[in-house]
Student: 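Pasting a structure below so you can have a look.
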2 protein chains.
Amino acid sequence: MIPPEKRATIRDVAVAAGVSQSTASRALTGRGYAAEAVRERVQEAAHQLGYVPDAMARHLKQRVSRSVGVLVHDLRNSFYADLAAGAGNAARARGYTITLTDLGGGATDEVEGAEAFVAMRVAGVVVTPGSAAITDYLGRHRVPSVEVDRQFAPATCDAVVVDNRKAAREVTEHLLDLGHRRVALLIDETDWTTGRERYEGYCTALEARGLEVDRGLVVASGWDVAAAKATATTLFASPARPTALFAANNVLAEGAWRAAADMGLHIPSDLSLASFDDAPWMTMVTPTVTAVVQDSVAVGEAAVTRLLDRIEDPAAPPRTVVLAAPLTVRGSTAPPAS
Amino acid sequence: MIPPEKRATIRDVAVAAGVSQSTASRALTGRGYAAEAVRERVQEAAHQLGYVPDAMARHLKQRVSRSVGVLVHDLRNSFYADLAAGAGNAARARGYTITLTDLGGGATDEVEGAEAFVAMRVAGVVVTPGSAAITDYLGRHRVPSVEVDRQFAPATCDAVVVDNRKAAREVTEHLLDLGHRRVALLIDETDWTTGRERYEGYCTALEARGLEVDRGLVVASGWDVAAAKATATTLFASPARPTALFAANNVLAEGAWRAAADMGLHIPSDLSLASFDDAPWMTMVTPTVTAVVQDSVAVGEAAVTRLLDRIEDPAAPPRTVVLAAPLTVRGSTAPPAS
DNA sequence: CTGAAAGCGCTTACAG
DNA sequence: CTGAAAGCGCTTACAG
């Protein structure tokens, strides 16, 4: 148990057990034949020497590592953190390890992150993409990938998403059913499927009731809390203030909530608020916040599961897994003050 | 630009550029000589072929990878998620990649996670340990590590922590200054330095005022929100209910907050609440919550920085970096109702 | 059932 | 300044 000056290699194990390297390898990996007695002797020797096989050497030979890459936009957002946690769970359960790249909120280039994955010869990657460039790149380098949360390449790439359109429509209808007519949408982008589909769901609900989409009520915001708060503040201060606001994700909802609080707007009497995405704070504040609840841990798990299945069956046609995202009505939405 | 059937290797690049493999390697890595014209020719060839060097092969030769392991308790806790985000930032800035292991709230064995890191021959690991076993193990295998948040092996291992004792004492004194005499401590463990030192800080503050520590007011709880809520509910229902509660971390604070809300206890008039750790919800609820604010992103960054410095200078004595964790007084703490 | 040999894709002394 | 050769630690056909 004295630490060796040098890490033990399989050669050391073989010598200690009095067998050849090949036999030691077979005994340890369980692939190929090895007499029971020999197997035990080798394993004992490995244990004695504190032998830990070099994953790099093993994977170099096998041409691929037992690691999956996960690329998220910003780990500080609980949505992505939960996603990563779920991906980690599923990977661990199947003997894989996770290599995580956090884009730091967009500070880093996606494709650069993908290149690191290719260099590491990961078995595959789970990615929350910002464009089709990243899965294109990975595809060209023959590394399987699955898009998660949003989708850019449905024809060529697996994906795990929720039905954004349907859920957004439900939220909007819920607000309309309560009697709201001036329902604003706070949104940060409509280039990705998430934003676009949520926007479309919002429009569809309005149009189904014979209402026109008022462009002045669809407000674009930056992606962080501070930007959302500033945008919401301006909106709430306008003469034609909406009676209800649908925030297209949890960060935007947080900004809107903070803006309303600072301005002394009372929820839900002055303003109804609904969010796409749940977050812990939404059931802690008073009133609690109506939200589309995505189980992002489950999304992460599903993504890794899809990826690992894809690796086993590379020829299967691309599949898009759609997870449930039910609307959960809470205290922040109510009929408008007459 | 047609995808090759097989990934390009340095041999392919060398052939395309009309040089030897060694020269191609030198031209690409920038180590060793290569004529300017040759260097350009090789780089052009590499680009044409979409060559991405195999990190495994490179690191196998170099005996260590350019990746650092990060082991956290539970990514769903914003404290750890932010820590991981900070670690990722710092690593990326210095050309390292992060391999993340999430223990899933304790479901997985620490040492097992550490073994995977050893197998990958990571350059080092940042770990939020549960005992000294993990850094022992890593040390035996010659992989440098830094303990973060809590510390088990100050004599042998680098660490990045905050002054728990001092901050906990400040919180308790703040509560005592407001006039509270029945100040409870809600805590999940006292085996780690975090819990023990926070407990000690609490005791010190009490004793400095000539008050005895009432064992009935020091309540142990499980580590998740549900357990904390249940424990707090029992505490709040007891005849000798405290007038103030100090929760030893953000999860416990969340449980206590939810318990108080469910029981109709008004904060701060019925109960003052203070937390060790800040969390987004603490500035969203009414009233906002008094907390010891740790910048966990900064903690993660500092940990990776320390680790990388350690790698460059393996012989230096172990160092413990102590970061500031100021008490931020908000609305949840006030004098007790007479 | 076991061992000698080749090879995964790189880097790095060492000659030239 | 460049190339041939060795070797990092494994696994895997291939003989025996």
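It should be emphasised that the depicted structure is a prediction, and the values quoted were computed from it without experimental measurement. Within every chain, numbering begins at 1; the chains are lettered A, B, ... in the order of the sequence lines, protein sequences first and strands thereafter.
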Student: Using atom CE of B/Met56 as one end and atom P of C/dT11 as the other, report the distance to the nearest whole Å.
Tutor: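 Rounded to the whole Å, the gap is 14 Å.
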Student: If I take atom CG in residue B/Leu28 and atom C1' in nucleotide C/dC10, what distance separates them, rounded to the nearest angstrom?
Tutor: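 Rounded to whole Å, this separation is 11 Å.
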Student: So for A/Arg63 and C/dG9, does any side-chain atom that can act as donor or acceptor lie under 3.5 Å from a complementary atom in the base?
Tutor: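 Counting by modelled atom types and ignoring angles, no donor-acceptor contact under 3.5 Å is found here.
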Student: Counting just side-chain N and O atoms, does B/Ser22 come under 4.0 Å of either OP1 or OP2 of D/dT2?
Tutor: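 For D/dT2, neither OP1 nor OP2 has a side-chain N or O of B/Ser22 closer than 4.0 Å.
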Student: Counting heavy atoms not belonging to B/Arg11, are there more than 12 under 6.0 Å from its CZ?
Tutor: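 No, because the 6.0 Å sphere around CZ of B/Arg11 holds 12 heavy atoms or fewer from other groups.
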Student: Of all the choices, D/dT2, D/dC10, C/dT2, which nucleotide is nearest to the side chain of A/Tyr33 once you look at every atom?
Tutor: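 That would be C/dT2.
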Student: Figure out the NE2/P separation between A/His59 and D/dT11, and round it to whole Å.
Tutor: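 About 9 Å, once rounded to whole Å.
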Student: Can you tell which of D/dC1, C/dG7, C/dT2 lies closest to the side chain of A/Lys61?
Tutor: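 Side chain of A/Lys61 sits closest to C/dG7.
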Student: Just to confirm, is there a sub-4.0 Å distance from OP1 or OP2 of D/dC10 to any side-chain nitrogen or oxygen of A/Ser25?
Tutor: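 No, because none of the side-chain N or O atoms of A/Ser25 sits under 4.0 Å from OP1 or OP2 of D/dC10.
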Student: Could you tell me how far apart B/Arg7 (CZ) and C/dC10 (P) are, to the nearest whole angstrom?
Tutor: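 After rounding, the gap between these two atoms is 10 Å.
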Student: Using a heavy-atom cut-off of under 4.0 Å over every strand shown, decide if A/Arg31 touches base, sugar-phosphate, or nothing.
Tutor: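 The residue A/Arg31 makes sugar-phosphate contact but no base contact.
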Student: Looking at every non-hydrogen atom in both residues, tell me the closest pair between A/Leu323 and A/Ala302 and how far apart they are.
Tutor: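 Taking every non-hydrogen atom into account, CD2-CB, 4.3 Å.
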Student: Write down the distance between CZ (B/Arg26) and C1' (C/dA13), rounded to a whole number of angstrom.
Tutor: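 Roughly 10 Å, once rounded to whole Å.
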Student: If you assign A/Ile10 and B/Val38 each to the DNA chain D nucleotide with the nearest heavy atom, which residue ends up on the more 5' nucleotide?
Tutor: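 Nearest-nucleotide comparison on DNA chain D picks B/Val38.
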Student: Look at the rings of A/Tyr80 and A/His73 and say which category their plane angle falls in: under 30° parallel, 30 to 60° tilted, over 60° perpendicular.
Tutor: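 If you compare the ring of A/Tyr80 with that of A/His73, the planes turn out tilted.
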Student: I need the CG-C1' distance between B/Asp54 and C/dC8, as an integer number of Å.
Tutor: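 About 9 Å, once rounded to whole Å.
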Student: Across all strands, who's sitting opposite C/dA13 as a Watson-Crick or G-U wobble pair, both distances under 3.5 Å?
Tutor: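 Result: none.
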Student: Answer with yes or no whether the side chains of B/Thr97 and B/Ser67 bring together a donor and an acceptor at under 3.5 Å.
Tutor: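 On atom types as modelled, these side chains do not qualify, holding no pair under 3.5 Å.
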Student: Does B/Arg310 pair with B/Asp158 as a salt bridge, N-O distance under 4.0 Å?
Tutor: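 Yes.
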Student: Is the shortest side-chain heavy-atom distance between A/Leu307 and A/Asp309 below 4.5 Å?
Tutor: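 No, side chains not in contact.
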Student: Between A/Arg58 (CZ) and C/dG9 (C1'), how many Å, whole number?
Tutor: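 From A/Arg58 CZ to C/dG9 C1': 18 Å.
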Student: State whether A/Ser20 places a side-chain N or O below 4.0 Å from either non-bridging phosphate oxygen (OP1 or OP2) of C/dG3.
Tutor: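 Yes, within the criterion.
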Student: What's the CE-P distance between A/Met120 and C/dG9, to the nearest Å?
Tutor: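 It works out to 18 Å between those atoms.
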Student: Just name whichever nucleotide pairs with C/dA4, Watson-Crick or G-U, keeping both distances under 3.5 Å, else none.
Tutor: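 None - no nucleotide pairs with C/dA4, as no candidate has both distances under 3.5 Å.
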Student: Judged by each residue's nearest nucleotide on DNA chain C, which is more toward the 5′ side, A/Gln21 or A/Glu36?
Tutor: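 The residue whose closest nucleotide sits nearer the 5' end is A/Glu36.
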Student: Does B/Tyr51 have a side-chain nitrogen or oxygen under 4.0 Å from the phosphate oxygens OP1 or OP2 of C/dC10?
Tutor: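 It does, given that an N or O in the side chain of B/Tyr51 lies less than 4.0 Å from OP1 or OP2 of C/dC10.
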Student: Please determine, for the side chain of A/Leu60, which listed nucleotide (C/dA4, D/dA4, C/dC8) has the closest atom?
Tutor: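 Among C/dA4, D/dA4, C/dC8, the one nearest the side chain of A/Leu60 is C/dC8.
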